[in-house]
Every structure is written in structure tokens, then in C-alpha cells.
Amino acid sequence: MSIELPVAWGDMDAFGHVNNTVYFRWFESARIAFFYDAQVPHQRVELTQAPILASATCTFELPLTFPDTVRVLASIVRVGTKSFTMRYEIHSLDRGRRAAHGEGAVVWYDYASGRSTALPDELRERLLAFLPTDPEGQGSEHRDQS
């Protein structure tokens, strides 16, 4: 799944390129769009269990500047019993190449107990359906028990 976002003038820092924190906001926007597509419950305050971001990484490949538009891709690369891993890519449409990539570990969290808990079975099945199925896509080997 992907989204397109404009690079805003205010996204740049004193060095004249997009600040590193903006890349993480773009990852977040793609993650939330993915949650909508996959029907991952995530926004109602009354939820006692919901996803929480446990870690995020980003490898910067190309400094971006205004004006530009980025395409941010989000995919699932691993589904465990309590968590799943998302992969992100940011592509510059103006420059025609990838500008960054990263991953995020998302844990199913019980806010009442303050602990991770098992993904609901129906959600886990939905997430498994998003794993790549091509021979090089590593889909089947990324179904684990963590």
C-alpha cells in the first residue's frame, strides 16, 4: 500500500534538506493508512487493546528538498503472535529514486495491564494475508511466534 505526500517548505531544516524527523512522520502516515486498509483497530479511546509502536528504524539514502512529492510504501514483512513488522520505503517522485527505507515493530498492547498480549486471531489472519507471496518475497518464512 502506498500514499503520496508533498514535501512542505517547513519540512526542511537549516541545512536545506528535509529534516530526519519528517521521514518518521511519513512512515507513520503510511502505517496508519495501512491500518485502515487492513482494518487494524487503532484510534478509539475506549479500546483496551491496540497496536503500539515498539521500535522504528530509517536508513537515509538521498537528501530530499522542497519542492517534491514522495510516495511512501508500507508493507508487512513478519507476523508473530504478539507483534508484526512493517517495512517502509520513501521514493522521490521528482528524482525518480528511493530516498529512504526502514522498519517498524508494532506490538499488540493491553493498556489496562501495561503488557503486550496476543494479536486477536482474526487480525492475525488479516495481517498474514498481506505477507508477500512471491518466491523471493519471504512470505512463508516470516510467520513466527514472537
Side-chain angles (χ1 to χ4, degrees), residues 1-8 10-12 17-64 66-146:
M1 115 23 90
S2 69
I3 59 173
E4 289 186 8
L5 301 166
V7 174
D11 290 340
M12 293 192 301
H17 58 75
V18 173
N19 187 275
N20 58 59
T21 61
V22 174
Y23 291 73
F24 287 98
R25 285 200 314 259
W26 291 338
F27 286 173
E28 176 186 54
S29 294
R31 181 173 54 254
I32 298 304
F34 178 89
F35 283 2
Y36 277 105
D37 279 358
Q39 300 174 21
V40 177
H42 65 280
Q43 69 181 27
R44 293 189 310 274
V45 175
E46 68 272 8
L47 290 174
T48 58
Q49 295 181 356
I52 192 167
L53 186 64
S55 67
T57 64
C58 184
T59 300
F60 305 96
E61 301 175 44
L62 174 71
L64 295 172
F66 173 87
D68 199 345
T69 300
V70 293
R71 177 174 291 124
V72 187
L73 294 88
S75 59
I76 295 286
V77 294
R78 187 196 63 79
V79 178
T81 57
K82 294 183 173 185
S83 65
F84 54 96
T85 303
M86 299 190 72
R87 179 162 297 144
Y88 311 106
E89 290 188 15
I90 296 172
H91 293 260
S92 164
L93 297 186
D94 286 0
R95 306 216 13 223
R97 60 180 278 218
R98 189 169 77 176
H101 68 277
E103 288 192 351
V106 180
V107 172
W108 198 250
Y109 191 74
D110 184 317
Y111 285 85
S113 70
R115 298 175 160 222
S116 64
T117 189
L119 289 163
D121 290 338
E122 63 280 358
L123 175 59
R124 188 169 193 276
E125 289 304 312
R126 278 198 308 275
L127 293 172
L128 286 169
F130 283 93
L131 284 173
T133 56
D134 65 350
E136 307 273 327
Q138 310 160 355
S140 60
E141 66 217 39
H142 284 78
R143 300 164 195 255
D144 66 34
Q145 300 302 310
S146 60

Exercise. Is there a donor-acceptor pair under 3.5 Å between the side chain of Thr57 and the backbone N or O of Glu103?
Worked result: yes
Exercise. Does CZ belonging to Arg71 count more than 12 external heavy atoms closer than 6.0 Å?
Worked result: no
Problem set entry | Shortest non-hydrogen contact from Pro41 toward Pro51 | O-CD, 3.0 Å
Exercise. Does any non-hydrogen side-chain atom of Ile76 lie less than 4.5 Å from one of Phe34?
Worked result: yes
For this session: Determine whether Phe35 and Met86 make a side-chain contact, defined as any pair of heavy atoms from C-beta on separated by less than 4.5 Å.
Result: yes
Seminar exercise, completed: Scanning both residues in full, the closest heavy-atom pair of Arg126 with Ala38 reads NE-O, 2.9 Å
For this session: Begin with the C-alpha distance, continue with both residues' side-chain angles, and end with the deciding distance and a verdict on side-chain contact (heavy atoms from CB on, under 4.5 Å) for Asp11 and Phe66.
Result: CA-CA 8 Å; Asp11 290 340; Phe66 173 87; over 6 Å; no
Problem set entry | Atom pair OG1/CG of Thr81 and Leu119 - distance to nearest 0.5 Å | 7.0 Å
For this session: Name the orientation class of the two ring planes belonging to Tyr23 and Trp26 (parallel below 30°, tilted from 30 to 60°, perpendicular beyond 60°).
Result: tilted
Exercise. Nearest 0.5 Å, what's the CG-CG distance between Asp68 and Asp94?
Worked result: 4.0 Å
Exercise. Trp108 versus Thr117: any side-chain heavy-atom pair under 4.5 Å?
Worked result: yes
Seminar exercise, completed: OG of Ser2 to CD of Glu89, rounded to nearest 0.5 Å, is 10.5 Å
Exercise. Tell me, do Ser83 and Arg78 make a side-chain contact under 4.5 Å, heavy atoms counted?
Worked result: yes
For this session: Measure across Pro63 and His17 and return the closest heavy-atom pair with its distance rounded to 0.1 Å.
Result: CB-CB, 4.0 Å
Seminar exercise, completed: Value for OG1 (Thr59) from OH (Tyr88), rounded to nearest 0.5 Å, stands at 13.5 Å
Exercise. Between Leu127 and Val40, is any pair of side-chain heavy atoms under 4.5 Å apart?
Worked result: yes
Problem set entry | Leu73 and its side-chain contact (heavy atoms from CB on, under 4.5 Å) partner, picked from His91, Arg98, His101 | His91
Exercise. Between OH of Tyr109 and CD of Gln49, what distance do you get to the nearest 0.5 Å?
Worked result: 11.5 Å
Exercise. Does a side-chain heavy-atom distance below 4.5 Å link Arg31 with Leu53?
Worked result: yes
For this session: Could you tell me whether the side chain of Arg97 and the main chain of Ser92 form a donor-acceptor pair under 3.5 Å?
Result: no
Exercise. Do Ser29 and Val72 have side-chain heavy atoms sitting under 4.5 Å apart?
Worked result: no
